[in-house]
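Residues take their numbers from the sequence shown, with the count starting at 1.
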Amino acid sequence: MDLNHTFIHFVPVLALVLDILIGDPRWLPHPVVGLGRLATWWERLARRMPASATNAGAFLAGALGMVLLAGSAGWAAWRLSGLGYAGPLLALYLSWSGLALGGLLREAHAAFRAVETGSIGEGRAAVAMLVSRDTTALDAPSLRKALAETLAENLNDGLVAPFFYLVLLGPGGLWAYKAVSTLDSMWGYRTPEYAWFGKAAARMDDVLAFIPARLTALGMVLAAVLAGPVGPSFGSIARIVRGVRRDARKTSSPNAGWPMAVAAWIFGATMGGDAIYFGEWVPKPVLGPAEGHVEPSAEGPGKEWTRERFVGLLRLCFMAGVGTCLAMYLAGMLIRGEI
């Protein structure tokens, strides 16, 4: 086995380590920026076509853009990863830049510090950079809850799902997935403008994230049991599992509810609920223990996201993210007969 081939085997783990220690390599060109520009260019081009004025035409234009961009991103990453001696280093960079655990934890912690140590206006502004809901009227517990929701959901979207496709299909698979995920974040809104244009990207993102979202939830439960706030109590584990199975299906997304429901039930603090998005009041289900079913906790009474609960979630996401990724890496090596 040559050196390049040996190095490639360790690319997923090395990428995970670099992501945790350094985060996004902002001093280097980031592929997501290029994907975003291509997506904007395609949308402008497609909307000039008369056919895109109809629902069917808008759907086909969005679907074609998704196929072209995801296919091109995957093909480019695959080709670059195979370029002779430079291929392994390019594979490492592409893998590293496709993961977002380090950046997610740092940005969430920075916003949390702004909520705790700054003025309420500073806290609202910091949280608004990370969430899509309107934060102008949120108090400190509501700001923590908004941060907790985006932290739990993006543990899957930003780490577990891309790592899953990295292990399964290499950097090409990772960037095909990232392209779809990027298009979903840009086009996947249920507004008159994007309801049909972004439908294909939104549905494909749901399909691709289906297994990773459930692996994320499982990893969070195991991390909570082994090294977190739950402990090896069968009663506590059974209560969390029952609650998650009930609540995870409440959300409009088939995937987002799984890590969010796990976080809500582990820490005994609710997630979800009605909120304002882009100027409109949007009714959303509440995830987590019902009133009167919250067990006494060292993290605080009631169902609010206290400081202690949010810090606990940060730690849990780190442990669950790293543990789930390493388990997927080892499983992939075992299936391929490499260990």
Query - Stepwise side chain to side chain contact (heavy atoms under 4.5 Å, CB included) check, Trp265 with Arg242 - result: CA-CA 10 Å; Trp265 277 93; Arg242 286 195 303 269; over 6 Å; no
Can you name the side-chain contact (heavy atoms from CB on, under 4.5 Å) partners of [X], sequence neighbours left out?
| X | answer |
| --- | --- |
| Trp75 | Trp78, Arg79 |
| Asn255 | Asp206, Ala209, Phe210, Ala213, Arg214, Ser253 |
| Arg106 | none |
| Ala76 | none |

Do any N or O atoms from the side chain of [X] and from the backbone of [Y] form a donor-acceptor pair under 3.5 angstrom?
| X | Y | answer |
| --- | --- | --- |
| Glu153 | Met260 | no |
| Trp305 | Thr270 | yes |
| Thr54 | Ala51 | yes |
| Thr306 | Arg309 | yes |
| Thr150 | Val131 | no |
| Asp134 | Tyr277 | no |

Salt bridge (charged side-chain N to carboxylate O under 4.0 Å, His left out) partners for [X], two or more places apart:
| X | answer |
| --- | --- |
| Arg124 | none |
| Glu193 | none |
| Asp19 | none |

Report task. Report yes or no: is the cationic atom of Arg47 (NZ for Lys, CZ for Arg) closer than 6.0 Å to the six-membered ring centre of Tyr194, at no more than 45° off its axis? Result -> yes
Share the residues that join [X] in a hydrophobic cluster, the rule being Ile, Leu, Val, Met, Phe, Trp or Tyr side chains under 4.5 Å apart at the heavy-atom level.
| X | answer |
| --- | --- |
| Leu60 | Phe59, Trp196 |
| Leu218 | Leu222 |
| Ile335 | none |

Query - Full working for side chain to side chain contact (heavy atoms under 4.5 Å, CB included) between Trp96 and Ile22 - result: CA-CA 10 Å; Trp96 168 24; Ile22 302 175; 3.8 Å; yes
Query raised in the report: Does the pair Glu116/Arg144 count as a salt bridge with the N-to-O cut at 4.0 Å?
Result: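 Result for this pair is yes, salt bridge flagged.
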Output side-chain donor-acceptor pairs under 3.5 Å for residues 168-182, partner residues at least two apart or in another chain, one line each.
| from | atom 1 | to | atom 2 | distance (Å) |
| --- | --- | --- | --- | --- |
| Trp175 | NE1 | Leu94 | O | 2.8 |
| Thr182 | OG1 | Lys178 | O | 2.7 |

Can you confirm whether [X] sits close enough to [Y] that some side-chain heavy atom of one is under 4.5 Å from a side-chain heavy atom of the other?
| X | Y | answer |
| --- | --- | --- |
| Asp274 | Pro283 | yes |
| Val127 | Leu138 | no |
| Leu208 | Phe164 | no |
| Ile120 | Leu143 | yes |
| Met186 | Thr40 | yes |

**Report entry** Qualifying residue, where the test is side chain to side chain contact (heavy atoms under 4.5 Å, CB included) with Val160 and the options are Leu101, Thr216, Leu99
**Finding:**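 With Val160 as partner, side chain to side chain contact (heavy atoms under 4.5 Å, CB included) holds for just one option, Thr216.
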Requested in this report: For atom CE of Met129, decide whether the heavy atoms of other residues, nucleotides or ligands shown that lie under 6.0 angstrom number more than 12.
Outcome: no
Query - Arg44 atom CZ, over 12 foreign heavy atoms within 6.0 Å - result: no
Query raised in the report: Under the side chain to side chain contact (heavy atoms under 4.5 Å, CB included) criterion, do Thr191 and Glu280 qualify, and how do the steps go?
Result: CA-CA 11 Å; Thr191 61; Glu280 295 187 7; over 6 Å; no
Requested in this report: Tell me, with the steps shown, if Leu159 and Asn154 meet side chain to side chain contact (heavy atoms under 4.5 Å, CB included).
Outcome: CA-CA 7 Å; Leu159 175 69; Asn154 282 292; over 6 Å; no
Can you give me every donor-acceptor pair (side chain of residues 314-329, partner residue at least two apart or in another chain, under 3.5 Å) with its distance?
| from | atom 1 | to | atom 2 | distance (Å) |
| --- | --- | --- | --- | --- |
| Thr324 | OG1 | Ala320 | O | 2.7 |
| Tyr329 | OH | His9 | O | 2.8 |

